Number of protein chains: 2
Amino acid sequence: MDNNIHSKTHEKADKDTENRIFEAARKVFHTKGLDGARMQEIADEAGINKAMLHYYFRSKDKLFGSIFEEDFKEFFKRLAELISADLPLLEKIEFFVENYLELILQNSYIPAFILSEIHHNPERIKNIFLEKGIKAEQIFMDDIKTAISLGIIRPIDPKQLIVNIIGLCIFPIVAKPILCTMLSFDEKGYRNFIEERKKEVARFVINSIKIN
Amino acid sequence: MDNNIHSKTHEKADKDTENRIFEAARKVFHTKGLDGARMQEIADEAGINKAMLHYYFRSKDKLFGSIFEEDFKEFFKRLAELISADLPLLEKIEFFVENYLELILQNSYIPAFILSEIHHNPERIKNIFLEKGIKAEQIFMDDIKTAISLGIIRPIDPKQLIVNIIGLCIFPIVAKPILCTMLSFDEKGYRNFIEERKKEVARFVINSIKIN
DNA sequence: GTCTATACCGGGATAGAC
DNA sequence: GTCTATCCCGGTATAGAC
């Protein structure tokens with residue numbers, strides 16, 4: 001029982017340390033990227049030393065991989081939830097845009113992080129997809145096809161429409177520094193701009209595809 | 001005169017070597033990023049040795065900076081050219097989308113490169129902007145305002161519209177690996193998808209803003 | 001201007017005591 | 001599980017011969 005207690009205590013400590021490392025690593029990787037991040041910085045951030053990093057995760061790449069995978073899955077899980085809402089297409093688009101924009105605004109480093117690292121190592125993504133098929137977009141595609149055949153929206157390639165909607169949401173978030181410089185936004189102006197986009201993007205899309 | 005000839009010869013060799021380094025570095029930085037790139041790899045790619053890199057450019061960061069600045073300026077120069085075309089707004093949008101999409105498709109690493117590095121060092125961008133004001137978007141904004149007041153298009157915040165158009169073009173390029181995985185594109189399917197977008201995006205935008 | 005050799009440093013990873 | 005000390009590799013940068 002002594003053993004039991006100890007092991008429980010240790011388990012708790014383990015989990016705790018592991019989580020601390022995980023969150024510290026996430027923070028550092030998000031801002032510095034895989035190559036830019038330093039194991040020392042992660043250790044400092046977590047309040048432990050470098051050796052522990054290798055004790056819990058075998059290598060820098062493994063640690064990064066775990067975080068990337070979790071972020072990626074979480075991101076698409078949320079996306080899937082929004083996309084699966086039980087609403088008629090046009091309302092669903094409004095619902096999706098508003099919530100998706102807020103989601104990525106609150107977690108703006110994640111899309112930037114994914115886009116940035118994808119480019120350096122495209123394989124990582126394929127593996128995650130292969131391992132756990134993510135087919136939320138199929139639902140959306142079906143909705144679109146139905147709406148077209150019902151004459152609610154004009155004919156349009158569902159893939160193009162989906163890419164349009166997602167691009168309209170993600171681009172202004174990942175390109176924030178450029179937008180702020182080019183359009184002379186301060187932090188408040190930018191926030192305001194995105195706030196207005198929640199309505200504007202839906203209006204823009206629906207205006208383009210709605211019949212009559 | 002001997003001197004002259006020699007110096008000319010040297011100048012030419014200099015320029016040549018400098019350019020070789022520049023192009024090699026560009027290639028490596030584009031694929032690996034600032035932190036991921038190795039000076040050795042750049043030297044190999046250029047067919048010279050590491051010491052020469054430091055002879056021509058003092059440090060890795062300086063070398064990177066030169067390339068980033070040139071890419072960035074070139075990219076916005078082209079954008080400015082397209083945006084300044086002397087056409088009525090709706091035709092200009094068609095013209096812009098078709099050519100901009102082709103431009104970034106041909107140089108797809110550049111937007112990805114810029115977005116990725118911006119995130120790690122936002123200051124670099126501000127400095128480039130400060131040094132050389134790039135105000136092409138102002139022309140576009142004026143066009144839009146005029147079209148609205150003439151009743152050609154519905155009222156819309158010009159900034160939102162510009163961000164919409166650019167986002168619709170850039171997103172599918174920088175997110176290529178994700179799109180290919182999610183939408184099951186091979187290289188040819190992807191190329192085809194973008195080709196169709198050249199017409200689709202313009203149609204999508206114009207449909208949304210045109211009056212009657 | 002170009003090369004070789006080398007100094008120097010920092011980072012990832014491991015060994016071993018506690 | 002946690003720490004300290006250390007190995008080792010590879011990268012940036014420089015010195016110096018040609």
Side-chain angles (χ1 to χ4, degrees), chain A residues 2-29 31-68 117 120-121 124, chain B residues 2-68 117 120-121:
Chain A
D2 216 15
N3 212 339
N4 223 341
I5 292 170
H6 274 149
S7 77
K8 273 190 185 173
T9 308
H10 285 164
E11 268 178 32
K12 209 176 152 216
D14 288 9
K15 265 298 164 205
D16 206 60
T17 307
E18 195 172 324
N19 283 337
R20 286 224 318 282
I21 293 176
F22 210 80
E23 288 314 312
R26 163 172 281 139
K27 191 170 167 183
V28 176
F29 281 133
T31 54
K32 306 284 178 74
L34 170 56
D35 295 314
R38 298 294 145 218
M39 294 296 263
Q40 185 60 58
E41 192 178 349
I42 296 174
D44 293 346
E45 181 76 31
I48 45 99
N49 60 36
K50 276 194 295 177
M52 297 306 292
L53 298 181
H54 292 88
Y55 178 78
Y56 281 96
F57 304 85
R58 280 200 353 209
S59 69
K60 186 186 185 184
D61 199 68
K62 288 258 199 317
L63 176 54
F64 180 85
S66 309
I67 288 167
F68 186 84
E117 294 303 333
H120 296 145
N121 184 359
R124 224 186 284 264
Chain B
D2 216 12
N3 213 340
N4 224 342
I5 291 170
H6 274 150
S7 75
K8 272 188 184 172
T9 307
H10 285 165
E11 268 179 32
K12 208 176 154 218
D14 287 10
K15 265 297 165 206
D16 206 59
T17 308
E18 194 172 324
N19 283 336
R20 286 223 320 281
I21 292 175
F22 211 79
E23 289 313 313
R26 163 172 282 139
K27 192 170 167 183
V28 176
F29 281 134
H30 279 165
T31 55
K32 306 286 178 74
L34 170 56
D35 295 313
R38 298 296 142 214
M39 294 295 262
Q40 184 59 59
E41 193 179 347
I42 295 174
D44 292 346
E45 181 75 32
I48 46 98
N49 60 37
K50 280 191 291 178
M52 296 308 291
L53 298 181
H54 292 88
Y55 178 79
Y56 282 96
F57 304 84
R58 281 203 349 213
S59 69
K60 185 187 185 184
D61 200 69
K62 287 258 198 317
L63 177 54
F64 180 86
S66 310
I67 289 167
F68 186 84
E117 294 303 333
H120 297 144
N121 185 359

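Predicted, not measured: the structure shown is a model, and the values here were computed from it. Scope of the values below: all heavy atoms of this structure, side chains included, with no hydrogens, waters or symmetry mates. Here is how names work: the chains are called A, B, and so on, in the same order as the sequence lines, proteins then strands, and each is numbered from 1.
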Is the shortest side-chain N/O distance from [X] to OP1 or OP2 of [N] below 4.0 Å?
{"X": "B:N49", "N": "C:dT2", "answer": "no"}
{"X": "B:T17", "N": "C:dG1", "answer": "no"}
{"X": "A:Y55", "N": "C:dT14", "answer": "no"}
{"X": "B:H54", "N": "D:dT14", "answer": "no"}

Options C:dA13, C:dT4, C:dT14, nucleotide nearest the side-chain atoms of B:A51: C:dT4
Nearest to side-chain heavy atoms of A:R38, which nucleotide of C:dC3, C:dT2, C:dG12: C:dG12
Applying a 4.0 Å non-hydrogen cut-off, can you work out what [X] is touching in the nucleic acid: base, sugar-phosphate, or nothing?
{"X": "B:A43", "value": "nothing"}
{"X": "A:L53", "value": "nothing"}
{"X": "B:M39", "value": "sugar-phosphate"}

What is the separation between atom [atom1] on [X] and atom [atom2] on [N], rounded to the nearest whole Å?
{"X": "B:K50", "N": "D:dT12", "atom1": "NZ", "atom2": "P", "result": "7 Å"}
{"X": "B:M52", "N": "D:dT12", "atom1": "CE", "atom2": "P", "result": "17 Å"}
{"X": "A:I21", "N": "D:dC3", "atom1": "CD1", "atom2": "C1'", "result": "13 Å"}
{"X": "A:F29", "N": "C:dG11", "atom1": "CZ", "atom2": "P", "result": "14 Å"}
{"X": "A:K62", "N": "C:dG12", "atom1": "NZ", "atom2": "P", "result": "15 Å"}
{"X": "B:E41", "N": "D:dG10", "atom1": "CD", "atom2": "P", "result": "14 Å"}
{"X": "B:D61", "N": "D:dA13", "atom1": "CG", "atom2": "C1'", "result": "14 Å"}
{"X": "A:Q40", "N": "D:dT4", "atom1": "CD", "atom2": "C1'", "result": "13 Å"}

Donor + acceptor pair across side chains of B:N19, B:E23 (<3.5 Å): no
Basic-acidic side-chain contact under 4.0 Å: A:R124, A:E117: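 The answer is no: the pair does not qualify as a salt bridge.
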Side chain proximity check, A:H54 to A:M39, heavy atoms < 4.5 angstrom: yes
Distance, nearest 0.5 Å, that separates CD1 of B:I42 from CZ of B:F29: 4.0 Å
D:dG11 base / B:K60 side chain donor-acceptor hit below 3.5 Å: no
Test item: A:K60 side-chain N/O and A:L34 main-chain N/O as donor-acceptor pair under 3.5 Å: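 Checked: pair present.
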